[in-house]
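Below: the structure, in structure tokens.
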Amino acid sequence: MKTLRDLLDEGVSGRTVLVRSDLNVPIEDGAITDAGRIEASAPTLRALADAGARVIVAAHLGRPKGAPDRTLSLAPVAATLGEILGRTVELSEDVVGPSARSRSAALHNGEVLLLENVRFDARETSKSTDERAELADALVALTGSGGAFVSDGFGVVHRKQASVYDVAQRLPHYAGGLVSTEVDVLAKLTGGAEKPYAVVLGGSKVSDKLAVIEALAPKVDGLFIGGAMCFTFLAAQGHPVGDSLLQSEMIDTCKDLLERFGAKIYLPTDLVVAEAFSAATPVHTVAATEIPEGHMGLDVGPATVARFAEGLHTARTIFWNGPMGVFEMANFAGGTRGVAEAIIAATGDGAFSVVGGGDSAAAVRLLGLPEDGFSHISTGGGASLEYLEGKELPGLSVLET
Ligand code: 3PG
Ligand code: MG
């Protein structure tokens with residue numbers, strides 16, 4: 001796989017380089033609430049611009065229905081990217097239309113153009129190779145002669161989409177700095193991780209994490225489970241879960257996992273419960289096996305945090321994906337904060353720790369925890385999970401060709 005370093009060594013001054021970045025950030029009322037992915041994407045873009053490339057960035061925001069949607073414009077992203085890079089970042093009004101074409105042609109060395117949300121074009125996510133090919137050809141045409149493609153959107157490498165996959169088949173292609181780093185880090189978690197190896201999983205659905213549990217459980221020494229997915233495990237053990245989120249169709253699967261890996265699976269021993277899903281509701285801490293009727297578990301309790309922390313304390317490798325509770329509400333943030341702090345402490349003692357992107361990465365920043373307290377915070381939610389599951393990621397394998 002060729003890397004950004006190879007491209008820079010070839011020389012990019014005066015060349016137009018198309019970069020796929022993952023700038024899919026949470027936005028509320030027009031304001032970016034977590035710019036982590038933009039920050040993480042900046043170094044590759046800066047390196048190219050500094051070396052005199054004319055940089056065109058393709059990125060998506062959310063899941064528009066294959067047509068322009070003003071609420072999913074990349075305009076706030078362009079502004080923030082510009083601030084981070086300390087350069088003007090132009091935004092085209094379309095993906096590969098007249099605006100994108102004229103602005104691309106007008107780029108000078110070192111200038112950066114962001115194309116409007118690439119998913120405004122239905123061909124981006126089309127299942128038809130021919131349809132994706134049309135868009136890929138149009139994206140490639142923006143680069144003129146001497147163009148190159150840098151794949152830097154780690155969070156989308158599990159997607160076989162025009163700007164991720166098909167463009168790489170049409171241009172000399174390179175893994176960007178972010179993709180290279182992510183792959184190096186995740187490779188350490190799949191092969192030969194230093195032991196003890198602890199994996200902390202949370203989030204709402206067992207079904208989302210099933211494949212990663214299957215892939216990692218045989219390799220790890222402790223699997224610590226919090227978040228709403230713990231209720232399906234508690235139900236599998238025969239405990240009442242009240243009104244807690246439950247995936248009843250997964251109970252048998254959880255029974256089977258407990259049978260095979262029970263000795264290394266750690267479930268919560270206490271929970272923070274409430275009668276309503278609300279920041280204002282009164283909360284109680286109860287034993288995990290005794291969730292009262294009419295109550296739902298919304299966070300793991302302090303005894304659980306202490307028990308998980310004890311297990312994490314001696315770990316040499318830690319992977320964490322998924323919050324322990326509804327961390328967005330202060331009354332249910334204690335579990336996520338406590339477990340994150342335990343991972344930070346272990347990292348301070350020399351453990352190699354990785355936060356799998358998505359919600360857990362957002363939690364770290366939202367709770368004001370030090371990002372450098374972890375060895376690596378991934379920008380890929382689904383992509384990092386699929387990598388750890390051992391799946392082939394189209395956006396990575398295409399770079400090998
Ligand atoms: C993400 O946020 O997970 C990535 O940006 C990919 O987005 P997607 O799940 O909509 O393809
Ligand atoms: Mg996703």
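As the structure is a prediction and not an experimental result, all values here were calculated from the model. Atoms within a ligand are numbered from 1 in the order they appear, just like the ligands themselves. The figures that follow rest on heavy atoms only: side chains count, while hydrogens, waters and symmetry mates do not.
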Close-contact set for ligand 1 against [X] heavy atoms, below 4.0 Å:
| X | value |
| --- | --- |
| Val156 | 6 (C) |
| Arg63 | 8 (P), 9 (O), 10 (O) |
| Asp22 | 4 (C), 5 (O) |
| Arg119 | 7 (O), 8 (P), 10 (O), 11 (O) |
| Arg159 | 8 (P), 9 (O), 11 (O) |

Are Glu10 and Tyr174 close enough that a side-chain donor and a side-chain acceptor fall under 3.5 Å?
yes
Among side-chain atoms of Thr347 and Ser353, is any donor-acceptor pair under 3.5 angstrom?
yes
Evaluating non-hydrogen atoms only, which member of Pro26, Gly62, Gly155, Gly358 is closest to atom 6 (C) of ligand 1?
Gly155
Residues Arg260 and Glu214 bridged, charged N to O under 4.0 Å:
yes
Output side-chain donor-acceptor pairs under 3.5 Å for residues 274-282, partner residues at least two apart or in another chain, one line each.
from, atom 1, to, atom 2, distance (Å)
Ser278, OG, Ala280, N, 2.9
Ser278, OG, Thr281, N, 3.4

So, does Glu28 use its side chain to make a donor-acceptor pair with the main chain of Thr33 at under 3.5 Å?
no
Please state which part of Gln161 comes within less than 4.0 Å of ligand 1, counting heavy atoms only: side chain, backbone, both or neither.
neither
Residues in ring-ring contact (aromatic ring centres under 6.0 Å, His included) contact with Phe120, at least two apart in sequence or another chain
none
